[in-house]
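In what follows, every heavy atom counts, from backbone to side chain, and hydrogens, waters and symmetry copies are set aside. Just follow the structure's listing: the first ligand is 1, and inside any ligand the first atom is 1. Here, residue 1 is the first one in the sequence, and each next residue gets the next number. Small disclaimer: the values here were computed from a predicted structure and weren't measured.
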Amino acid sequence: MYEPAYDPARLTEIKRREDASFAAARPRSLALWNRGKRSMPNGVPMSWLRTSYDHPPLFISEGEGARFRDVDGNEYSDFNIADMSMFGGYAPPPVVKAVSRRVAQGSQFLLPNEDGVWVAEELSRRYALPKWQFTLSATHANTEAIRVARELTGRDTVVMFDGKYHGHFDEALVRLDAQGRIVPEEGGLPRDVSTRTRLVRFNDPGALRAALEPRDVAIVLTEPALTNNVGLLLPEPGFHEALRAATRETSTVLAYDETHTQVVGPGGLTRLWKLDPDIVTTGKSIASGVPLGAYGMTEAVAGALEEPAGTRNGKRVVATGGTLFGNPLSMAAARATMAEVLTGETYEHTQALGGRLADGIEGAIRSAGLPWTAHRFWPRSGVTFAATMPRDAREGYENLDVPLRRALRVHLANRGVWDAIVGAGPTVPVPADQTDVDRYVEAFSSFVRELAS
Ligand SMILES: Cc1ncc(COP(=O)(O)O)c(C=O)c1O
């Protein structure tokens, strides 16, 4: 049972003071928000831009490198980096150049170009999967991976791990309730949404085997480590081997979603941990925030998409694709990103700064005498408000302490630091330097000092 290690009245006091300073320093954002409310639900172009935060939304003027500025002129060192989609930083010059050129030369033809071939080849090299397809988002890459797996296996059910996030599509918007029943996660979903998904607790190979045993599962979709929703859930030794063995035994497709975990290095955790999936899905930072999703697959999986010559009529074609999928603009951005921004060297730089961030967070919680845990996840570091890391979503939700995270976020924002939204913690983006990391650590330290005093 989670017990806060601080005085809740002190937290309320800090939050009230910080909320007042936040609003006072952002009159232009507030005015734009009020204007936006007349033409958009919640006053923003997409509801999450309001609902992801409990403070008023910031309206942005520009970003460069690891920092951005709001319309009131406040500057932030950014550790959320648009929920990982701007890991390469804002306006990286090679991407600006490639995208500008592509727009000037025509950005969409509904025909392929050479950049698409280059990007598929590079992803094949990074993830050791030979064939690739493209969408406009990671959500859509996951949706298509499921369709392909259903076509291959002739089965309907999808297995995921409780505490996952893979995008806003029906099969993924379910969770386990306190009694272990599968229930819809949000509104607007069909009443039978829970019937095609089976949810298993992370790090429970026995439950996984039981879920696959009826041999009606098309695909297991998971991140190699769960980084969204419930903090960071790391796999225990042997978990991925058990997952691969169980999916092989039951002829189930295994897909790793590297949308977030790709920040650990080229080829993500698939390469680092020598994982052996049938499909890898990704998106977000691969094209520096220009919309692009991708999924890679083995030759056997690709067979479901490849039509034998001359048999198009009469052959079932898997329902994939969209008018703008794989467009030359996204491909130009992805090529420049992988060739010049997300290179081996830059990953090493962010990992070193990620270590510095974790050291700083750890030092701050030790000095304040708080029984919390700092974690290290390559460029991503963070804090669990408990003495040990959670093993599964049940433990993760228990320690989440939303009021504490909200107070920390607004305290940091008022000191020029933009914190990660809920998940595996702040990420050091490629163009960040020691000044950014030290700014985070200083602001975090002053928060925990005041909280614990
Ligand atoms: C692991 C993972 N997969 C997929 C997605 C969906 O990405 P998008 O919203 O860009 O489609 C997310 C988004 O947070 C994610 O964290």
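Distances from atom 7 (O) of ligand 1 to the heavy atoms of Ala141, Ser285, Ala138, Gly423 show the closest one on Ala138. Across the listed options Asp257, Asn142, Asn228, Asp257 owns the non-hydrogen atom lying nearest to atom 3 (N) of ligand 1.
The shortest N or O to N or O distance between His260 and ligand 1 is below 3.5 Å. In terms of polar-atom proximity, Thr139 is counted as a contact of ligand 1, with an N or O under 3.5 Å from an N or O of the ligand.
Under the 3.5 Å distance criterion, with hydrogens and angles disregarded, a donor-acceptor pair is assigned to the side chains of Glu258 and Thr261. Side-chain contact annotation: Asn414 with Glu18, donor-acceptor N/O pair under 3.5 Å present. Counted by atom type alone, His168 and Glu186 present one or more donor-acceptor pairs between their side chains at under 3.5 Å. Counting only N and O atoms by type, the side chains of His140 and Tyr295 include no donor and acceptor under 3.5 Å apart.
The protein non-hydrogen atom at the shortest distance from atom 1 (C) of ligand 1 is Tyr165 O, 3.3 Å.
The aromatic rings of Phe444 and Tyr440 sit parallel to each other, their planes meeting at less than 30°, with 60° as the upper class boundary.
Of the residues listed (Thr197, Val253, Val159), the one engaging Val217 in a side chain to side chain contact (heavy atoms under 4.5 Å, CB included) is Val159, and it is the only one.
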Exercise. Stepwise, does the salt bridge (charged side-chain N to carboxylate O under 4.0 Å, His left out) test hold for Asp70 with Arg26?
Worked result: CA-CA 8 Å; Asp70 66 25; Arg26 291 159 184 86; 3.8 Å; yes
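Only the side chain of Thr259 comes within contact range of ligand 1, with a heavy atom under 4.0 Å; no backbone atom does. Only the side chain of Glu223 comes within 4.0 Å of ligand 1, judged by heavy-atom distances. Residue contacts with ligand 1 for Lys284 involve side-chain atoms from C-beta outward but no N, CA, C or O (heavy atoms, distance under 4.0 Å). When non-hydrogen atoms are compared, ligand 1 lies under 4.0 Å from neither the backbone nor the side chain of Thr281.
Under a cutoff of 6.0 Å and an axis angle of 45°, Arg67 and Trp418 do not form a cation-pi pair.
Residue-ligand proximity, Ser137 to ligand 1, at heavy-atom distances under 4.0 Å covers atoms 11 (O). Which parts of ligand 1 touch Asp83 is read off a 4.0 Å heavy-atom cut-off, strictly below it: atoms 14 (O).
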